[in-house]
Amino acid sequence: MQDSTVVSEKDPMRQRRFFIFISCGAAVIAFDQWTKWLVRRDIPLGESRLPEWLEWLSPYARFTHIQNRGASFGMFQDGNLFFIILTFLIVGGILYFVSKMEEDNPWMWAAGGLYLGGAVGNLIDRLLFGAVTDFISVGTFYIFNIADASINVSVAMLLILFWFQEWEQPSKDDPQSGDEAS
C-alpha cells in the first residue's frame, strides 16, 4: 500500500501534465475544425484560393479544397471504415499510454496532445463527412490540413525528445559514467 503523502504530492503534478495533454489536444481539434469549416464554406471543392495580400505566395503555396478518402499522400482511397476503426484504436492506445506515462517533461505531454488532437480532428471529418477535408497545398507536395500537420509535428517532437533522453543518459559501457567494474 502506498503512503498517502506520496500519492497526494504526485496528484498536482499529474493534473498539470494531463492539463497540458488535454489543452494541446483540444486546441488542435478546435483550430483544425474551424479552419476546415472555413474552407468548406468559402472554397468550392477542387478550387484553389489565396487572400489577395498573399498572392505573392501562389507559386509556392495556396489553399486547395479537396476531400481525402484515404490516408496521408492520398494513399488507400476509399478505406474510410478501415481508417475510422484504426483511428479509434490509435486514440485508445494514446489514452492508455498517457494514463501510464510517468514522464515529467511537459514537452512530451504536449506532443502526445498534439498527436491526439490531430487524430481526433481527422476522425471527426471521417465520421461526419465520410472524408477528410484537406486544404494546405505547398509546392507540389501533398495537400494536408492542421490535424495532419499536428500529427507530423508531434512525431518530430517525440523523436527529438527521445533522442535527447538517450543522449543525456550515460551509457553503461562509458568508463566516465561511474559504472566501472571494480
Side-chain angles (χ1 to χ4, degrees), residues 10-40 61-169:
K10 286 186 178 184
D11 284 344
M13 237 165 71
R14 191 161 182 78
Q15 289 172 353
R16 182 178 150 263
R17 294 184 295 200
F18 277 108
F19 177 77
I20 292 168
F21 172 73
I22 296 298
S23 295
C24 287
V28 168
I29 293 166
F31 189 54
D32 175 65
Q33 290 301 303
W34 178 67
T35 56
K36 289 173 180 175
W37 173 78
L38 288 173
V39 167
R40 286 189 296 268
R62 64 214 132 300
F63 297 118
T64 302
H65 182 184
I66 66 166
Q67 296 295 304
N68 184 355
R69 299 188 188 289
S72 291
F73 307 103
M75 297 183 302
F76 311 113
Q77 290 297 308
D78 297 321
N80 200 43
L81 180 60
F82 170 76
F83 290 115
I84 288 171
I85 293 168
L86 180 62
T87 304
F88 272 113
L89 292 172
I90 289 169
V91 167
I94 293 167
L95 294 173
Y96 176 78
F97 177 74
V98 166
S99 73
K100 301 294 183 191
M101 196 165 81
E102 293 295 327
E103 180 64 46
D104 287 332
N105 187 338
W107 291 107
M108 190 76 74
W109 290 82
L114 291 175
Y115 197 99
L116 178 73
V120 171
N122 282 339
L123 178 62
I124 291 169
D125 276 23
R126 289 188 189 283
L127 292 171
L128 294 179
F129 306 108
V132 175
T133 299
D134 287 334
F135 60 93
I136 302 169
S137 178
V138 179
T140 57
F141 197 58
Y142 80 113
I143 301 171
F144 59 100
N145 58 45
I146 300 300
D148 298 334
S150 178
I151 290 169
N152 289 321
V153 167
S154 72
V155 169
M157 283 176 67
L158 288 170
L159 289 173
I160 291 167
L161 290 165
F162 287 136
W163 181 72
F164 274 119
Q165 273 185 344
E166 289 294 317
W167 186 57
E168 289 175 352
Q169 293 176 355

message: With side chain to side chain contact (heavy atoms under 4.5 Å, CB included) as the criterion, how do Trp34 and Ile146 come out once you've worked through the C-alpha distance, each side chain's angles and the decisive distance to 0.1 Å?
response: CA-CA 10 Å; Trp34 178 67; Ile146 300 300; over 6 Å; no

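One finds the CH2 atom of Trp109 at 9.5 Å from the CD1 atom of Ile22 (value rounded to the nearest 0.5 Å). Rounded to the nearest 0.5 Å, atoms OG1 (Thr133) and CD1 (Ile143) are 12.0 Å apart. Atom CH2 in Trp107 sits 8.5 Å away from atom SG in Cys24 (nearest 0.5 Å). Once rounded to the nearest 0.5 Å, the distance linking CG of Asn122 with CG of Leu127 reads 11.0 Å. Residue Leu116 holds its CG atom at 5.0 Å from CD1 of Ile94, rounded to the nearest 0.5 Å. With values rounded to the nearest 0.5 angstrom, Asp32 atom CG is found 6.5 Å from Asp125 atom CG.
Heavy-atom minimum distance, Ala147 versus Gly118: CB-O, 3.3 Å. Contact detail for Phe135 and Lys36: the closest heavy-atom pair is CE2-CG, 4.1 Å. A pairwise comparison of heavy atoms in Val91 and Ala119 identifies CG2-CB, 4.1 Å as the closest pair. A pairwise comparison of heavy atoms in Arg62 and Gly139 identifies NH2-O, 3.1 Å as the closest pair. Contact between Arg69 and Ala131 at its shortest, heavy atoms only, is NH1-CB, 3.2 Å.
With contacts defined as side-chain heavy-atom distances shorter than 4.5 Å, the pair Val132/Gln67 does not qualify.
Asp148 contributes a side-chain N or O that, together with a main-chain N or O of Asn145, makes up a donor-acceptor pair within less than 3.5 Å. No side-chain donor-acceptor contact under 3.5 Å links Arg40 to the backbone of Thr35. Listed for the Ser23 side chain is no donor-acceptor partner under 3.5 Å among the backbone atoms of Ile20. A donor-acceptor pair under 3.5 Å is formed between the side chain of Ser150 and the backbone N or O of Leu114.
In this structure, Phe164 places its CZ atom where only 12 or fewer heavy-atom neighbours from other residues, nucleotides or ligands lie under 6.0 Å away.
For Ile124, the side chain to side chain contact (heavy atoms under 4.5 Å, CB included) partners are Ile29, Gln33, Val120, Leu128, not counting sequence neighbours. The ring pair (Phe, Tyr, Trp, His ring centres under 6.0 Å) search around Phe144 returns Tyr142, not counting sequence neighbours. For Thr87, there are no side chain to side chain donor-acceptor pair (under 3.5 Å) partners two or more places apart in sequence or in a different chain.
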